[in-house]
Amino acid sequence: MSDVAPAPGSAGTTPERVTLTDSTAAMLRQLRALHGDLMFHQSGGCCDGSSPMCYPLGDFLTGDADVHLGDLVVEPGEAADGRAEPDRFVVPVWMSRNQFEYWSHTHLTIDVVPGRGAGFSLEAPEGVRFIIRSRLFTDAEWEQLDRTATP
């Protein structure tokens, strides 16, 4: 993982729709220690409603109006208390179907920056907020995605 959006996928692999930065992975390890398993939901609202929101897994109910973009894999690292995390874990990422119609052609990277967002996202009390960084899929990535099932 790095703090920049990944390079286009290699030939023969399906590009990921969503990834995370090292900073995001560190924050997710901290939040998981406090709240248990986690999930993200990206709505199509305005203001902070358009920021990725992190919840305890299952606290935000998803349904037919949502698309599962993928899963963020968080590798072991140092937890907030300084102990090494013993295992990797997965954080599912969802987006409202209406929002996905606009963003389907973009690769998303969830990042974390200083500042306090509003809303119910778990990172708010930590003095940081999650944001989305995006880039258009390359033509080659888009073709690979077209051959796969839409999430």
Engineer: Between Ser121 and Cys54 (side chain of the first, backbone of the second, donor and acceptor by atom type, cut-off under 3.5 Å), is there such a pair?
Structural biologist: yes
Engineer: Give the intermediate values and the outcome of side chain to side chain contact (heavy atoms under 4.5 Å, CB included) for residues Glu126 and Leu34.
Structural biologist: CA-CA 11 Å; Glu126 308 304 321; Leu34 294 170; 3.9 Å; yes
Engineer: Could you give the distance from CD1 (Ile110) to CG (Leu20), rounded to the nearest 0.5 Å?
Structural biologist: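 These two atoms lie 7.5 Å from each other.
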Engineer: Take Met95 and Leu108 through the side chain to side chain contact (heavy atoms under 4.5 Å, CB included) test and state the conclusion after the steps.
Structural biologist: CA-CA 11 Å; Met95 178 179 277; Leu108 306 176; 3.6 Å; yes
Engineer: Got Leu69 and Trp103 here, is their nearest side-chain heavy-atom distance under 4.5 Å?
Structural biologist: no
Engineer: Do any N or O atoms from the side chain of Gln99 and from the backbone of Ser96 form a donor-acceptor pair under 3.5 angstrom?
Structural biologist: no
Engineer: Are the side chains of Phe100 and Gln42 in touch, meaning some heavy atoms are under 4.5 Å apart?
Structural biologist: no
Engineer: Testing the basics here: between Val112 and Thr21, what is the closest heavy-atom pair and its distance to 0.1 Å?
Structural biologist: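 Minimum heavy-atom contact is N-OG1, 4.5 Å.
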Engineer: Checking Asp71 now: which residues fulfil side-chain hydrogen bond (donor to acceptor under 3.5 Å, both in side chains) with it, not counting sequence neighbours?
Structural biologist: His68
Engineer: Run the ring-ring contact (aromatic ring centres under 6.0 Å, His included) test against Tyr55 and tell me which residues pass, sequence neighbours left out.
Structural biologist: Phe60
Engineer: Going through the distances and angles, do His107 and Glu141 end up as a side chain to side chain contact (heavy atoms under 4.5 Å, CB included)?
Structural biologist: CA-CA 10 Å; His107 173 273; Glu141 289 172 314; 5.8 Å; no
Engineer: Applying side-chain contact (heavy atoms from CB on, under 4.5 Å), name anything that partners Leu57, two or more places apart in sequence or on another chain.
Structural biologist: Asp37, Met39, Pro92
Engineer: Would a 4.5 Å heavy-atom cut-off, applied to side chains only, mark Arg32 and Val74 as touching?
Structural biologist: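 The answer is no; the side chains never approach within 4.5 Å.
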Engineer: Can you list everything that forms a side-chain contact (heavy atoms from CB on, under 4.5 Å) with Leu136? Sequence neighbours excluded, please.
Structural biologist: His105, Thr106
Engineer: Look up atom CZ in Arg88 and atom CZ in Arg29, then write down how far apart they are to the nearest 0.5 Å.
Structural biologist: 12.5 Å
Engineer: To the nearest 0.5 Å, how far apart are CE in Met27 and CG in Asp111?
Structural biologist: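 It comes to 11.5 Å.
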Engineer: Would you compute the distance between atom OG1 of Thr62 and atom CH2 of Trp94 and round it to the nearest 0.5 angstrom?
Structural biologist: 4.0 Å
Engineer: Taking side-chain contact (heavy atoms from CB on, under 4.5 Å) as the test, write out the residues that go with Glu101, two or more places apart.
Structural biologist: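 Here the qualifying residues are Asn98.
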Engineer: For the backbone of Phe130 and the side chain of Glu123, can you confirm whether one donor and one acceptor N or O come within less than 3.5 Å of each other?
Structural biologist: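 Indeed, once roles are kept as given, a pair shorter than 3.5 Å links the two residues.
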Engineer: Give a yes or no on whether the backbone of Ala124 and the side-chain of Arg116 come within a donor-acceptor separation of less than 3.5 Å.
Structural biologist: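 It does hold such a pair.
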Engineer: Do side-chain atoms of Arg129 reach the backbone of Pro52 as a donor and acceptor pair under 3.5 angstrom?
Structural biologist: no
Engineer: In sequence, state the C-alpha distance, the side-chain angles, and the governing distance for Val113 and Arg133, and then conclude on side chain to side chain contact (heavy atoms under 4.5 Å, CB included).
Structural biologist: CA-CA 11 Å; Val113 296; Arg133 299 192 189 277; 3.8 Å; yes
Engineer: Does a side-chain heavy-atom distance below 4.5 Å link Val18 with Phe40?
Structural biologist: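 A side-chain contact under 4.5 Å is absent here.
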Engineer: Same cluster or not: Tyr102 versus Val93, using hydrophobic residues (I, L, V, M, F, W, Y) connected whenever any side-chain heavy atoms lie under 4.5 Å apart?
Structural biologist: yes
